[in-house]
Amino acid sequence: MNSNAGFKASVGGSRQGRRSFMRSGLSFGMAGMAGLAGAANSEPIGARMPDAMKTLGGTDLAYGQPSPHEQAVQRLPYQTAPQTAGFAIWRSPLQHQRGIITPSGLHFSVHHNGLPDIAPERHELMIHGLVDRPLRFDLERLMRYPMVNRIHFMECAGNSAANALSPTALNQTLGDLAGEVSCSEWTGVPLSYLLNEAGLKDSAKWVVVEGADGGSHSRSLPVSALLKDGMIALYQNGERLRPSQGYPMRLFMPGWEGNVNVKWVHRLEVVDAPAYTKDESGMYTQILSDGQIERFAFHMDVKSLITHPSGMQRLPETKGFYEIAGLAWSGHGRIAKVEVSVDGGSTWAQAQLQGPVLDRAFTRFTLPWQWNGKKATLMSRATDALGCTQPLRSEWKRKYAMHSFHHYNAIQVWRVGSDGLVENSYA
Ligand SMILES: Nc1nc2c(c(=O)[nH]1)N[C@H]1C(S)=C(S)[C@@H](COP(=O)(O)O)O[C@H]1N2
Ligand SMILES: [Mo]
């Protein structure tokens with residue numbers, strides 16, 4: 001308890017924390033240069049006039065872009081072996097994200113069969129199988145249906161595979177380690193409107209959802225869940241879906257593994273039993289440590305990541321005030337609490353949840369930290385509305401077979417060295 005006293009004090013004294021943050025913020029880059037600030041203050045105001053104030057500004061763009069000074073903030077490409085051409089992963093640089101919405105251009109992406117180029121005027125959505133009236137929608141017709149807005153995360157089942165599989169903790173950035181998760185506002189037509197209009201027969205229990213990409217990516221999903229939560233998403237963060245996210249339309253299932261969110265969706269076949277497609281039998285099936293197979297494990301479990309500070313960052317001063325900040329989410333509902341430890345899990349403090357705290361969405365957490373400059377081990381542990389909490393890596397590994405890696409949600413550990421360098425760690 002005692003070793004945590006300083007940490008606790010800064011948790012309670014948020015005003016004090018803010019003041020010391022301001023002080024240390026002002027001193028960044030000026031360590032050991034005391035007195036300079038006084039000299040600047042005595043200069044006439046005009047001497048410090050920003051250059052940009054002295055000329056006319058440039059022209060703007062018809063479609064806005066990030067500042068050219070932020071070009072380092074990019075998605076992180078991961079190309080699999082040449083024999084799996086078309087399978088590409090673009091990870092989101094979570095270590096740069098503040099707030100809960102991932103900018104559309106930085107949304108992670110997983111393509112099993114390359115990125116199709118689909119002309120919206122030629123795209124159709126078909127609903128057939130065990131229905132009274134098979135239906136066909138072109139975009140113009142679909143866009144006339146009432147739409148809903150939902151802010152939700154989406155995470156690939158294979159996110160954090162390196163931490164699940166690699167025998168030693170890889171020294172990588174957060175985005176490289178765990179960037180197959182993002183959060184957007186999705187807008188589209190509830191699937192219940194379309195399925196009810198088609199008229200489900202009594203035997204209708206599952207729907208095989210197929211994408212219009214080269215490998216016809218398809219997944220079987222239970223009708224009951226699609227009626228409750230399914231959406232044909234047409235917009236992402238207020239604009240039409242990006243090609244990476246399935247333009248012109250995708251299935252969206254909040255809280256479920258990324259793979260079921262079929263992009264470029266063009267066909268829903270209503271059936272009485274799952275089809276066991278390649279995308280749900282060969283892949284996206286987990287082997288447990290006792291050899292049993294876990295199929296149709298749709299929900300993504302509770303998880304959290306400290307984004308600041310995180311892998312390969314260097315704390316600019318080797319002691320002093322820092323705000324620990326991160327993201328938490330759960331496929332089962334809202335985040336109830338996030339605890340943070342700076343001593344490898346010996347003691348935990350409850351982080352502040354920065355609203356909004358939404359159902360199955362990224363939730364921000366923060367905690368002020370007065371770093372004493374000694375080696376520290378940072379961990380975050382989220383608990384969701386169901387009361388589920390994150391396991392330690394060792395606990396997670398015990399549950400699954402050695403080569404399983406899907407649905408990894410163990411506590412992420414960051415080691416902070418006395419030099420301020422932050423590294424991925426397993427303990
Ligand atoms: N048609 C189609 N849908 C797809 C995929 C695909 O390759 N083809 N990849 C799936 C996987 S594995 C994931 S994790 C999510 C990723 O969605 P995003 O690229 O919009 O982030 O899309 C899913 N939907
Ligand atoms: Mo995925």
Side-chain angles (χ1 to χ4, degrees), residues 110-113 124-132 134-137 142 145 148 150 152-159 180-181 184 186-213 215-234 236 241 245-246 248-286 293-301 330-333 359-360 406-407:
V110 180
H111 314 310
H112 289 243
N113 319 293
E124 284 184 335
L125 176 67
M126 182 163 98
I127 301 182
H128 69 127
L130 299 173
V131 293
D132 299 329
L135 299 175
R136 207 186 270 281
F137 305 88
L142 197 59
Y145 280 74
V148 294
R150 303 271 187 267
H152 289 302
F153 80 89
M154 179 171 51
E155 182 179 19
C156 176
N159 193 24
E180 288 159 46
V181 60
S184 286
W186 303 95
T187 301
V189 181
L191 211 39
S192 59
Y193 300 171
L194 308 180
L195 290 174
N196 287 331
E197 184 177 340
L200 293 166
K201 294 199 186 293
D202 288 345
S203 53
K205 292 286 179 282
W206 290 74
V207 180
V208 183
V209 184
E210 186 182 66
D213 47 339
S216 59
H217 182 89
S218 39
R219 293 283 316 241
S220 316
L221 301 173
V223 161
S224 53
L226 290 176
L227 286 174
K228 184 165 164 272
D229 265 344
M231 177 204 286
I232 298 297
L234 298 159
Q236 174 188 10
L241 295 181
Q245 269 68 57
M249 59 180 78
R250 84 177 307 161
L251 176 71
F252 193 82
M253 278 300 286
W256 284 23
E257 61 181 16
N259 195 259
V260 308
N261 296 271
V262 175
K263 300 188 276 192
W264 316 293
V265 62
H266 83 124
R267 193 167 72 88
L268 306 180
E269 183 173 354
V270 183
V271 292
D272 59 358
Y276 298 105
T277 70
K278 66 178 186 327
D279 302 301
E280 63 200 8
S281 48
M283 300 175 88
Y284 301 95
T285 283
Q286 283 68 250
I293 287 188
E294 195 175 65
R295 264 187 172 140
F296 303 117
F298 292 129
H299 290 88
M300 295 308 290
D301 288 325
S330 167
H332 295 286
D359 178 16
R360 292 166 291 181
H406 284 140
H407 292 262

- Task: Take D213 and H111 through the test side chain to side chain contact (heavy atoms under 4.5 Å, CB included) and record every step on the way to the result.
- Result: CA-CA 9 Å; D213 47 339; H111 314 310; over 6 Å; no
How close do [X] and [Y] get, counting heavy atoms only, and between which atoms?
| X | Y | answer |
| --- | --- | --- |
| G246 | K263 | CA-CB, 3.5 Å |
| V270 | A204 | CG1-CB, 3.3 Å |
| S220 | T277 | OG-CG2, 4.5 Å |
| Q245 | L241 | O-CD1, 3.9 Å |
| S216 | E210 | CB-OE2, 3.7 Å |
| V223 | W206 | CG2-N, 3.6 Å |

Roughly how far, to the nearest 0.5 Å, is [atom2] of [Y] from [atom1] of [X]?
| X | Y | atom1 | atom2 | answer |
| --- | --- | --- | --- | --- |
| M249 | L142 | CE | CG | 5.0 Å |
| I127 | I232 | CD1 | CD1 | 7.0 Å |
| E257 | M300 | CD | CE | 7.0 Å |
| W264 | H217 | CH2 | NE2 | 9.0 Å |
| F252 | W186 | CZ | CH2 | 5.5 Å |
| H407 | D301 | NE2 | CG | 7.5 Å |

- Item | D132 atom CG: more than 12 heavy-atom contacts under 6.0 Å |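 Correct, the count exceeds 12.
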- Is the count of non-hydrogen atoms from other residues, nucleotides or ligands lying under 6.0 Å from K228 atom NZ greater than 12?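 Atom NZ in K228 is not crowded, with 12 or fewer foreign heavy atoms closer than 6.0 Å.
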Donor-acceptor pair, side chain of [X] and main chain of [Y], under 3.5 angstrom:
| X | Y | value |
| --- | --- | --- |
| S330 | H332 | yes |
| N261 | M253 | yes |
| S203 | K201 | no |
| D279 | R219 | no |

- Does any donor atom in the side chain of E124 or H266 lie under 3.5 Å from an acceptor atom in the other side chain?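 Side-chain D/A pair, E124 to H266: absent.
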- Item | R136 side chain to H128 side chain, donor-acceptor N/O pair below 3.5 angstrom |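 No - no donor-acceptor pair under 3.5 Å links their side chains.
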- Item | Min side-chain heavy-atom separation F298-P222 under 4.5 Å |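 F298 reaches P222 side chain to side chain.
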- Report the C-alpha separation of L268 and V208 in whole Å, then their side-chain angles, then the decisive distance to 0.1 Å, and conclude whether the side chain to side chain contact (heavy atoms under 4.5 Å, CB included) test is met. CA-CA 6 Å; L268 306 180; V208 183; over 6 Å; no
- Which residues share a salt bridge (charged side-chain N to carboxylate O under 4.0 Å, His left out) with R250, sequence neighbours left out: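 Salt bridge (charged side-chain N to carboxylate O under 4.0 Å, His left out) check on R250 returns nothing, list empty.
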- Item | Counterpart residues, salt bridge (charged side-chain N to carboxylate O under 4.0 Å, His left out), relative to R360 (two or more places apart) |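 D229.
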- Message: So if I apply the side-chain contact (heavy atoms from CB on, under 4.5 Å) rule between L191 and each of V207, V209, L227, L251, which one comes out positive?
- Response: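 Among V207, V209, L227, L251, the one meeting side-chain contact (heavy atoms from CB on, under 4.5 Å) with L191 is L251.
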